[in-house]
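The structure under discussion appears below in the form of structure tokens.
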Amino acid sequence: MSRWILHADLDQFLAAAELLRRPELAGLPVVVGGDGDPDSRTVVATASYEARAHGVTSGTPMKLARRKLAKHRPDAVFLPSDTAYYQRVSDEVMRLLRGLGEPVEVIGWDEAFVGTDGEPWALARRIRTTVATTGLSCAVGIGDNTLRAKTATGYAKPGGIHELTAANWFATLGQDPPSALPGVGPATTRALAELGITTVAGLAEARPGDVAARLGPHRGPYYVSLGRGMGRTELDTGPWVPRSRSRETTFPADLTDRADLHAELRVLAHRVADDVAAEGRDCVRVGIRVRTRTFRTTTRSRALDPPGRDAGAIAALAAVLLDELAPDRPVRLLGVRAELADAA
DNA sequence: TCTGGGGTCCTAGGACCC
DNA sequence: TCTGGGGTCCTAGGACCC
């Protein structure tokens, strides 16, 4: 248990990582996402601040991003997402953070918690200078638990430091909508509004039982605790152990032919099987995902009996599930997922 | 405007068992 | 003969995050 939790978040990570190896792009709007095909049906993963200035943010459809930037920034640069490279850059940053001698919990490519019993502002500045040695920059949130640290980072971006504790929690965001809290999205915000809860302070004062009746026995009380600013003070410093592996593809054009669908499914299943084998663990359950032209998404899953990592067995079960699902509309996306056995 | 890919966790209903 | 309640597993879907 740590007295202070710090949350480090790399600024515009994917775009910044690209600038590391292409310094000549500095100052230009840089948009990372998809496979680099200008017409692909994909979205922006990360946009540099120069691109954000023109309304291009994460999640913007790539075609729309091109249109928005074409007007004012014909010099904008579009790059395909190179996940293997970003992972290497991330690994190096996390290695440096672990070198600080404090507990570190990695929670994403570009985010980590660092715990300390020492002076948190001094550590926050050390984190920023340490990360800067890689050529990247980060914002740091300081909190008395993980939730307050992560929330604080939102006030620190880009590249700053902000502290959020029990002392200033409600003064800072008590009147903000519940969606200001990490883990509360649009659907939950809507459901809470139906209960008359429209602010973080209101959520904190709600009766957990009332929220549970609307949002579930576990989630209801959890949301109330979020409103109160409660979070962990214990970090999980162990390596991340994946619970599932999946691969999915949105096709350039919708597929209707059953043989085409099965051929694509087989490719995905084999890629998943490769990932499962690389984990050195068995697959216990196989799932597929089908999204049709109308964007309706359905899933099917079934236990793999016996569990294993044989690509043929995983692909065969995926094929059975696709036949059962038998989509009757043109298919936009196919996905295959393997749930992994508990690590030994 | 036309909506990615890779993940995690929770919920709820039905089956099944005692 | 009829009725019960609780626990657990399986599965589909929802919500959210980066």
Side-chain angles (χ1 to χ4, degrees), chain A residues 7 9-15 31-37 39-47 55-69 80-84 86-87 90 106-112 147 150-151 153-154 178-179 181-192 212-223 226 236 240-252 254 268 271-272 275 279 284-305 321 324-325 332-340:
Chain A
H7 176 253
D9 191 324
L10 299 170
D11 296 320
Q12 45 172 3
F13 175 52
L14 271 48
V31 178
V32 181
D35 55 5
D37 176 353
D39 294 321
S40 71
R41 301 197 286 186
T42 185
V43 301
V44 173
T46 301
V56 174
T57 59
S58 300
T60 303
M62 195 60 86
K63 289 176 184 172
L64 178 59
R66 288 180 179 278
R67 224 171 301 144
K68 285 190 165 196
L69 287 166
S81 185
D82 182 354
T83 57
Y86 308 137
Q87 186 65 58
S90 173
V106 177
I107 56 173
W109 262 354
D110 58 347
E111 280 180 81
L147 174 68
K150 186 170 167 62
T151 307
T153 305
S179 55
L181 301 164
V184 179
T188 304
T189 300
R190 234 176 294 124
L192 291 171
R214 180 72 171 73
L215 286 157
H218 189 275
R219 298 214 73 92
Y222 173 69
Y223 290 129
L226 284 184
D236 180 356
W240 175 67
V241 180
R243 283 157 179 76
S244 65
R245 286 294 191 190
S246 67
R247 294 286 184 168
E248 63 182 50
T249 308
T250 295
F251 305 113
D254 297 342
L268 291 166
R271 291 175 68 192
V272 167
D275 293 341
E279 285 291 324
V284 296
R285 184 175 196 82
V286 174
I288 67 162
R289 203 151 96 93
V290 176
R291 176 174 292 153
T292 56
R293 174 177 290 170
T294 56
F295 222 72
R296 170 148 189 92
T297 307
T298 46
T299 61
R300 280 279 182 287
S301 71
R302 187 162 303 157
L304 180 63
D305 188 21
L321 294 170
E324 290 183 7
L325 206 56
R332 173 187 178 92
L333 168 148
L334 267 185
V336 174
R337 184 174 52 91
E339 286 181 27
L340 295 162

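Since this is a predicted model, take the numbers as computed values, not measurements. Within every chain, numbering begins at 1; the chains are lettered A, B, ... in the order of the sequence lines, protein sequences first and strands thereafter.
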Q | Phosphate OP1/OP2 of B/dG5 contacted by A/Thr250 side-chain N/O (<4.0 Å) | A | yes
Q: For A/Arg289 and C/dT11, give me the distance from atom CZ to atom P, rounded to whole Å.
A: 19 Å
Q) When all nucleic acid strands are considered with a 4.0 Å heavy-atom cut-off, which category describes A/Thr249: base, sugar-phosphate, or nothing? A) sugar-phosphate
**Q.** Proximity to the side chain of A/Ala187 - top-ranked nucleotide from B/dG6, C/dA15, B/dG4
**A.** C/dA15
Q: Could you tell me whether A/Thr46 contacts a base, only the sugar-phosphate backbone, or nothing, with contacts defined as non-hydrogen atoms closer than 4.0 Å?
A: nothing
(Q) Just verifying a value: how many Å separate A/Leu192 CG and A/Leu215 CG, rounded to the nearest 0.5 Å? (A) 5.5 Å
Q) Given A/Thr294 and A/Thr292, is the side-chain hydrogen bond (donor to acceptor under 3.5 Å, both in side chains) satisfied, shown in steps? A) CA-CA 5 Å; A/Thr294 56; A/Thr292 56; 3.2 Å; yes
Q) Within the pair A/Arg41 and B/dC2, is there a side-chain N or O less than 4.0 Å away from OP1 or OP2? A) no
Q.
Can you measure A/Leu268 atom CG to B/dG4 atom P for me and round it to whole angstrom units?
A. 15 Å
Q: Name the nucleic acid region contacted by A/Thr188, choosing base, sugar-phosphate or nothing; use a 4.0 angstrom heavy-atom cut-off, strictly under.
A: sugar-phosphate
Q: Could you check whether A/Gly185 gets within reach of a base, just the sugar-phosphate, or nothing at all, counting any heavy atom under 4.0 Å?
A: sugar-phosphate
Q. How would you label the contact of A/Val44 with the nucleic acid (heavy atoms, under 4.0 Å): base, sugar-phosphate, or nothing?
A. nothing
Q: Starting from P on B/dG6, measure out to CD1 on A/Ile288 and report it in whole angstrom.
A: 16 Å
Q.
Counting only side-chain heavy atoms from C-beta out, which of C/dA12, B/dG4, C/dC18 sits nearest to A/Thr299?
A. C/dA12
(Q) With a 4.0 Å limit, can you tell me whether A/Thr42 has a side-chain N or O closer than that to the phosphate oxygens OP1/OP2 of B/dG5? (A) no
**Q.** Short side-chain N/O contact from A/Arg219 to OP1 or OP2 of C/dA15, under 4.0 Å
**A.** no
Q.
Within the 4.5 Å heavy-atom criterion, are A/Leu340 and A/Ser244 side-chain neighbours or not?
A. no
(Q) Students often get this wrong, so: under 4.0 angstrom with heavy atoms, is A/Leu333 touching a base, only sugar-phosphate, or nothing? (A) sugar-phosphate
(Q) Can you tell me which residue among A/Arg332, A/Arg291, A/Arg41 is in a salt bridge (Lys or Arg N to Asp or Glu O under 4.0 Å) with A/Asp254? (A) A/Arg41
Q) Roughly how many Å is it from NE2 in A/His7 to C1' in C/dC17, rounded to a whole number? A) 11 Å
Q: Report which part of the nucleic acid A/Gly34 touches: base, sugar-phosphate, or nothing (heavy-atom distance under 4.0 Å, all strands).
A: nothing
**Q.** Atom-pair distance (CZ on A/Arg291; P on B/dG4), nearest Å
**A.** 6 Å
Q: For A/Phe295 and B/dT3, say yes or no: do the ring centres fall under 5.5 Å of each other while the ring planes differ by less than 30°?
A: yes
Q: Tell me what A/Arg67 touches on the nucleic acid: a base, only sugar-phosphate, or nothing, going by heavy atoms under 4.0 Å.
A: sugar-phosphate
Q) Closer to the 5' end of DNA chain B via nearest nucleotide, is it A/Pro61 or A/Ser246? A) A/Pro61
Q: Compare the minimum distances between each of B/dC9, B/dT1, C/dA12 and the side chain of A/Arg243, then state the nucleotide with the smallest one.
A: B/dC9
**Q.** OP1 or OP2 of B/dG4 under 4.0 Å from side-chain N/O of A/Lys63
**A.** no
Q | A/Thr151 side chain near A/Pro182 side chain, heavy-atom distance below 4.5 Å | A | yes
Q) Given B/dT1, B/dG7, C/dC10, which nucleotide is nearest the side-chain atoms of A/Leu64? A) B/dT1
Q.
Counting only side-chain heavy atoms from C-beta out, which of C/dA12, B/dG7, B/dG4 sits nearest to A/Arg332?
A. B/dG4
Q: For A/Lys68, answer base if it contacts any base atom (sugar-phosphate contacts may also be present), sugar-phosphate if it contacts only those atoms, and nothing otherwise; contact means non-hydrogen atoms under 4.0 Å.
A: nothing
Q) When you measure from the centre of the six-membered ring of A/Phe295, is the NZ or CZ of A/Arg293 under 6.0 Å away and within 45° of the axis? A) no
Q: Give me the one residue out of A/Leu334, A/Asp275, A/Val336 that meets side chain to side chain contact (heavy atoms under 4.5 Å, CB included) with A/Arg247.
A: A/Asp275
**Q.** Pairwise 5' ranking along DNA chain B for A/Gly59 and A/Arg214, keeping only the more 5' one
**A.** A/Gly59
(Q) For the OG1 atom of A/Thr299 and the CG atom of A/Leu325, what is their distance to the nearest 0.5 Å? (A) 8.0 Å
Q: Could you check which of C/dT11, B/dC2, B/dT11 has an atom nearest any side-chain atom of A/His218?
A: B/dT11
Q: Name the closest nucleotide to the A/Pro186 side chain, picking from B/dT3, C/dT11, C/dC16.
A: C/dC16
Q. Of the nucleotides B/dG4, C/dA12, C/dT11, which one has an atom closest to the side chain of A/Arg285?
A. C/dT11
Q | Side-chain N or O of A/Arg300 closer than 4.0 Å to phosphate OP1/OP2 of C/dA12 | A | yes
Q) Say you pick atom P in B/dT3 and the same atom in C/dC18; how far apart are they, in whole Å? A) 23 Å
Q: Quick one: look up who C/dC18 pairs with, Watson-Crick or G-U, both distances under 3.5 Å, and put none if it's unpaired.
A: B/dG5
Q: Starting at atom CG of A/Asp236, determine the distance to atom P of B/dT8, rounded to an integer number of angstrom.
A: 14 Å
Q) Please give, in whole Å, the distance from B/dG5 C1' to A/Gln87 CD? A) 14 Å
Q.
Rounded to whole Å, how long is the line connecting atom CD of A/Glu111 with atom C1' of C/dC17?
A. 8 Å
